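Counting starts at 1 for both ligands and their atoms, following the listed order. Here the structure is a predicted model, which means the values were calculated and not measured. Scope of the values below: all heavy atoms of this structure, side chains included, with no hydrogens, waters or symmetry mates.
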Amino acid sequence: MNDQHGFTLWFTGLSGAGKTTVALALEKELRARGVKVERLDGDTVRKSLTRDLGFSKEDRDKNIERVTFVAKLLSRNGVAVLASFISPYRETRAMVRAETTNFIEVFVHAPLEVCAQRDVKGMYAKAFAGEIPDFTGVSDPYEEPLDPEITLHTHEETVEQSAAKCLTYLEEHGYIPVAESA
Ligand SMILES: Nc1ncnc2c1ncn2[C@@H]1O[C@H](COP(=O)(O)OP(=O)(O)OP(=O)(O)O)[C@@H](O)[C@H]1O
Ligand SMILES: [Mg+2]
């Protein structure tokens, strides 16, 4: 495959909004199409590359800075980067945009109540009980994107629909070849 362009698809949103779920679905589809993909995800990165960091603003920024360095190297070498990080600060995301190749901001949105109801990791219950001092959306800020390239409303869409929105965007902007059969 020689018509692949590197890009950085950056999923931002509350915990439980669906960043990892959509990125996994996309990874599968892109691989099936022969695209070189690397997925960077908060959960895995925080156990390796940034395991020394916590959740203060300073540490959240450091987490994203290191990940950005990796995304920069990959995206400029033709790799499709799927990055799933809460990344709550606008200014930090602007830094990622400036550093990486073909940055595409994906706002993965679901109302806080829906994310809390999903409570995939059981963290919201603890956050609402006051047991987590810096939990995004509850006891820590989340700055919504002002002008994202893509917005997913995961409380109203299936995972397949959300992933398809991203694929369509990538095809329409020439980042991946258009699928031969529909
Ligand atoms: N359209 C959709 N897109 C993504 N997830 C969806 C959608 N509809 C329902 N869901 C469900 O929402 C949940 C999203 O959880 P997921 O772990 O992907 O969130 P996350 O944003 O990665 O959270 P965290 O920041 O904690 O890692 C899953 O249980 C998923 O099945
Ligand atoms: Mg996740």
Side-chain angles (χ1 to χ4, degrees), residues 8-32 37-51 53-68 70-71 74 80-90 92-93 96 103-145 148-171:
T8 304
L9 203 56
W10 189 270
F11 297 92
T12 172
L14 297 174
S15 177
K19 302 178 296 297
T20 298
T21 304
V22 176
L24 280 168
L26 267 179
E27 179 184 31
K28 197 172 165 205
E29 177 61 25
L30 290 174
R31 281 198 199 287
V37 189
E38 282 294 345
R39 208 167 48 79
L40 299 169
D41 193 286
D43 285 343
T44 45
V45 166
R46 278 184 172 280
K47 286 184 193 136
S48 53
L49 181 67
T50 63
R51 65 172 172 263
L53 302 176
F55 292 89
S56 65
K57 177 166 193 315
E58 198 187 7
D59 276 9
R60 285 180 191 271
D61 280 347
K62 275 193 205 163
N63 183 44
I64 300 302
E65 268 170 36
R66 288 186 207 169
V67 164
T68 299
V70 179
L74 291 170
V81 177
L82 308 180
S84 316
F85 296 90
I86 295 174
S87 47
Y89 301 110
R90 253 177 226 138
T92 312
R93 295 193 302 266
V96 190
F103 179 85
I104 305 154
E105 187 170 38
V106 185
F107 179 24
V108 186
H109 177 258
L112 179 66
E113 306 77 61
V114 173
C115 297
Q117 216 161 20
R118 288 175 179 164
D119 210 2
V120 182
K121 301 172 185 167
M123 300 282 276
Y124 278 97
K126 287 185 189 163
F128 282 116
E131 291 168 26
I132 307 177
D134 42 18
F135 195 80
T136 300
V138 179
S139 45
D140 219 44
Y142 179 76
E143 299 173 357
E144 294 193 353
E149 277 75 9
I150 304 171
T151 301
L152 307 177
H153 300 282
T154 66
H155 56 304
E156 295 167 344
E157 300 164 10
T158 63
V159 176
E160 292 70 28
Q161 286 170 329
S162 297
K165 265 193 187 177
C166 299
L167 282 170
T168 302
Y169 182 95
L170 295 171
E171 288 181 348

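Close approach of ligand 1 to I86 is summarised as follows: ligand atoms under 4.0 Å from at least one heavy atom of the residue are 25 (O). The distance from ligand 1 to the heavy atoms of K121 drops below 4.0 Å at these ligand atoms: 24 (P), 26 (O), 27 (O). Every atom of ligand 1 with a heavy atom of V22 under 4.0 Å away is listed here by number and element: 3 (N), 4 (C). For ligand 1, the atoms sitting less than 4.0 Å from at least one non-hydrogen atom of V120 are 13 (C), 15 (O), 29 (O), numbered in the order shown with element in parentheses. Close approach of ligand 1 to A17 (heavy-atom distance below 4.0 Å) involves ligand atoms 19 (O), 21 (O). Which parts of ligand 1 touch E157 is read off a 4.0 Å heavy-atom cut-off, strictly below it: atoms 1 (N), 2 (C), 8 (N).
Of all protein heavy atoms, the one lying nearest to atom 26 (O) of ligand 1 is S15 OG, 2.6 Å. In this structure, atom 9 (C) of ligand 1 lies nearest to the protein heavy atom R118 NH2, 3.5 Å. Here the protein heavy atom with the shortest distance to atom 25 (O) of ligand 1 is K19 NZ, 2.7 Å. If you check which protein heavy atom lies closest to atom 8 (N) of ligand 1, you get T154 O, 3.3 Å. Here the protein heavy atom with the shortest distance to atom 16 (P) of ligand 1 is T21 OG1, 3.5 Å.
On a distance-only criterion, G18 and ligand 1 share at least one N/O pair closer than 3.5 Å. The shortest N or O to N or O distance between G16 and ligand 1 is under 3.5 Å.
Within a 6.0 Å sphere centred on CD of E171, other residues, nucleotides and ligands contribute more than 12 heavy atoms.
D43 and K47 are not joined by a salt bridge, as no carboxylate oxygen comes within less than 4.0 angstrom of a charged side-chain nitrogen.
Under the 30°/60° scheme for interplanar angles, the aromatic rings of H109 and H153 are found to stand perpendicular.
Judged by distance alone, with hydrogens and angles left aside, the side-chain atoms of S84 form no donor-acceptor pair with the main-chain N or O of F11 at under 3.5 Å. Of the possible polar contacts, one joining the E149 side chain to the E105 backbone as a donor-acceptor pair under 3.5 Å is found. Under the 3.5 Å distance criterion, the side-chain polar atoms of D41 are left unmatched by any main-chain donor or acceptor of T20. Not a single donor-acceptor pair under 3.5 Å links the side chain of S15 to the backbone N or O of I86.
Side-chain rings of F55 and F135 stay apart, their centers remaining 6.0 Å or farther from each other.
Residue S162 touches ligand 1 through its side chain alone, judged by heavy-atom distances below 4.0 Å. Looking at T158 against ligand 1, only its backbone comes within 4.0 Å, counting heavy atoms.
Residue L14 places a heavy atom less than 4.0 Å from ligand 1. Judged by the shortest distance from any of its heavy atoms, V159 lies inside the 4.0 Å radius around the atoms of ligand 1.
Here T21 fails the criterion, with no N, O or S atom under 2.8 Å of the Mg ion (ligand 2).
R93 and S87 get closest at one heavy-atom pair: NH1-O, 2.7 Å.
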Inset, instruction - Kindly determine whether L170 and I104 satisfy side chain to side chain contact (heavy atoms under 4.5 Å, CB included), including the steps that lead there. - result: CA-CA 9 Å; L170 295 171; I104 305 154; 3.7 Å; yes
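By the 4.5 Å heavy-atom criterion applied to side chains, L30 and L167 are counted as neighbours.
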